[in-house]
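Each remark here refers to the structure printed beneath this line.
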Amino acid sequence: MRTERRTLLKFVTAAVTALGVSGMPFAQPAAAAEKVTVFAAASLKNALDAVNAAWQKEAGKEATVSYAASSALAKQIEAGAPADVFISADLAWMDYVAEKKLIKHDTRANLLGNRIVLVAGSRDTAPVDIKQGFDLKGLLGDEKLAMGAVDSVPAGKYGKAALEKLGVWSAVEKNVAGAENVRAALLLVSKGEAPYGIVYKTDAAADKGVAIVGTFPEDSHPPIVYPIAVTAESSNPDAAAYLEFIKSAKAAALFEAQGFTILK
């Protein structure tokens with residue numbers, strides 16, 4: 001009988017051990033910190049990559065970024081895409097998600113400013129005096145003017161507004177090659193598929209394949225503002241800390257190095 005009891009005890013002990021059951025629970029490995037998911041305008045790529053690297057170095061946290069046109073990102077957020085932070089290249093698309101209660105209103109802030117410029121694919125291209133009635137059509141001939149899509153992409157909307165204000169839009173409208181985002185428009189010029197393009201100053205600085213040949217007057221288009229906010233659906237505890245870092249002096253220096261202006 002004792003032999004049978006010992007055998008049974010050994011069997012039960014082995015079974016309990018195999019199932020991982022004991023008086024004290026096994027220690028579980030700590031869950032990896034969740035990355036902050038950022039949806040950001042395509043024109044922010046170089047600067048924001050640098051800011052995120054600095055944040056990771058300082059705080060030991062990571063951000064993962066989806067870059068695209070602000071319009072596309074806003075629509076993705078509306079469709080339920082899992083973003084923690086949204087950075088738009090204009091106020092209109094941030095207003096769009098705000099009206100649909102897709103951001104936390106108390107986290108919204110105007111972060112950065114920018115300029116739009118005329119770029120050419122050759123550094124030998126003569127400077128262009130961008131003013132009322134300037135002959136952009138004469139420069140283009142039958143070739144294309146690369147821009148972000150003028151009905152949705154912020155850079156394209158700013159560019160169209162400037163051309164309308166300067167009285168040249170109707171002359172070049174049929175020349176426009178609308179791209180899905182401003183970096184795609186930049187690439188058309190850089191790769192020689194369009195002789196000229198309208199992009200942000202910061203984009204031009206990021207691509208050695210183009211040269212700035214003219215800068216649009218600031219009063220020719222609405223102010224270029226990049227707003228930022230935490231999304232309404234975000235439950236990531238690091239989102240607020242990320243927002244604070246991106247508005248810090250350390251981040252400001254990195255944005256300024258890429259040509260952005262800091263809005264207070």
Side-chain angles (χ1 to χ4, degrees), residues 33-56 59 61-114 116 148-149 151-158 179-185 199-200 202-203 206 222-248 250-252 254-255 258 260-264:
E34 184 181 354
K35 294 181 181 179
V36 175
T37 301
V38 182
F39 279 17
S43 54
L44 286 165
K45 183 172 181 5
N46 296 63
L48 196 57
D49 282 352
V51 169
N52 290 341
W55 188 56
Q56 183 175 1
K61 310 285 188 178
E62 289 187 66
T64 180
V65 188
S66 291
Y67 295 104
S70 301
S71 52
L73 297 171
K75 291 289 188 178
Q76 288 173 29
I77 292 171
E78 183 181 17
D84 295 306
V85 175
F86 177 39
I87 313 175
S88 173
D90 72 353
L91 295 171
W93 285 111
M94 186 63 80
D95 290 342
Y96 179 87
V97 294
E99 288 166 4
K100 295 180 180 296
K101 304 186 187 312
L102 297 173
I103 61 169
K104 296 176 181 177
H105 292 274
D106 60 343
T107 68
R108 179 174 175 171
N110 291 338
L111 184 66
L112 303 168
N114 210 337
I116 53 171
D151 58 344
S152 58
V153 177
K157 292 161 63 179
Y158 291 128
E180 64 181 9
N181 60 62
V182 69
R183 286 298 175 97
V199 299
Y200 295 117
T202 52
D203 294 308
I224 299 173
V225 177
Y226 288 70
I228 185 171
V230 175
T231 64
E233 293 300 313
S234 175
S235 59
N236 191 322
D238 291 328
Y242 178 80
L243 204 68
E244 287 306 306
F245 182 81
I246 212 170
K247 293 189 287 185
S248 70
K250 183 172 291 186
L254 295 170
F255 283 122
Q258 295 291 330
F260 289 96
T261 54
I262 307 302
L263 301 181
K264 303 299 183 183

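Because only heavy atoms are used, hydrogens play no part in the values below, and waters and symmetry mates are left out as well, while side chains stay in.
The shortest non-hydrogen separation linking Ile116 to Tyr200 is CG2-CD2, 3.9 Å. Among all heavy-atom pairs drawn from Ser66 and Leu73, the shortest one is O-CD2, 3.9 Å. Contact record, Ala89 with Ile224: O-CG2, 4.5 Å, taken as the closest heavy-atom pair. Minimum interatomic distance between Val153 and Ala179 (heavy atoms only, all atoms of both residues): CG2-O, 3.8 Å. When all heavy atoms are compared, the tightest approach of Val36 to Ala239 is CG2-N, 4.1 Å. Nearest heavy-atom pair across Pro82 and Thr37 is O-CG2, 3.3 Å.
Applying the side chain to side chain donor-acceptor pair (under 3.5 Å) test to Thr231 and every residue at least two apart in sequence or in another chain returns nothing. For Glu233, there are no side chain to side chain contact (heavy atoms under 4.5 Å, CB included) partners two or more places apart in sequence or in a different chain. Evaluation of the side chain to side chain contact (heavy atoms under 4.5 Å, CB included) rule for Ala74 yields Phe86, Trp93, Tyr96, Val97 as partners, not counting sequence neighbours. Contacts of Thr202 classified as side chain to side chain donor-acceptor pair (under 3.5 Å), with partners at least two apart in sequence or in another chain: Asn114. In this structure Ala59 satisfies the side chain to side chain contact (heavy atoms under 4.5 Å, CB included) test together with Trp55, Lys61, sequence neighbours excluded. Considering only residues two or more places apart in sequence or on other chains, Lys247 meets the side chain to side chain donor-acceptor pair (under 3.5 Å) condition with none of them. Scanning for salt bridge (Lys or Arg N to Asp or Glu O under 4.0 Å) contacts around Glu62 gives Lys35, with sequence neighbours left out. Taking Ala92 as the reference, Asp90, Lys157 meet the side chain to side chain contact (heavy atoms under 4.5 Å, CB included) condition, with sequence neighbours excluded.
Two residues are said to be in side-chain contact when any heavy atoms from C-beta on lie closer than 4.5 Å; Asp84 and Tyr242 fail this criterion. When side chains are defined from C-beta on, Arg108 does not count as touching His105, because their heavy atoms never get closer than 4.5 Å. By the 4.5 Å heavy-atom criterion applied to side chains, Val85 and Ile246 are not counted as neighbours. Residues Leu112 and Ile262 form a side-chain contact, since some pair of their non-hydrogen atoms from C-beta on lies under 4.5 Å apart.
Residue Leu91 holds its CG atom at 5.5 Å from CG of Asn110, rounded to the nearest 0.5 Å. Here the CD-OG distance, from Gln76 to Ser71, works out to 9.5 Å after rounding to the nearest 0.5 Å.
A distance-only check finds a donor-acceptor pair linking the side chain of Asn181 to the backbone of Ala184 [under 3.5 Å]. Between the side chain of Thr107 and the backbone N or O of Val230 there is at least one donor-acceptor pair closer than 3.5 Å.
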Tabulate below the donor-acceptor pairs under 3.5 Å that side-chain atoms of residues 39-51 make, not counting sequence neighbours, or state none.
unit_1	atom_1	unit_2	atom_2	d
Ser43	OG	Tyr226	OH	2.8
Lys45	NZ	Asp49	OD2	2.6
Asn46	OD1	Arg183	NH1	3.0
Asn46	OD1	Arg183	NH2	2.9
Asp49	OD1	Tyr67	OH	2.7

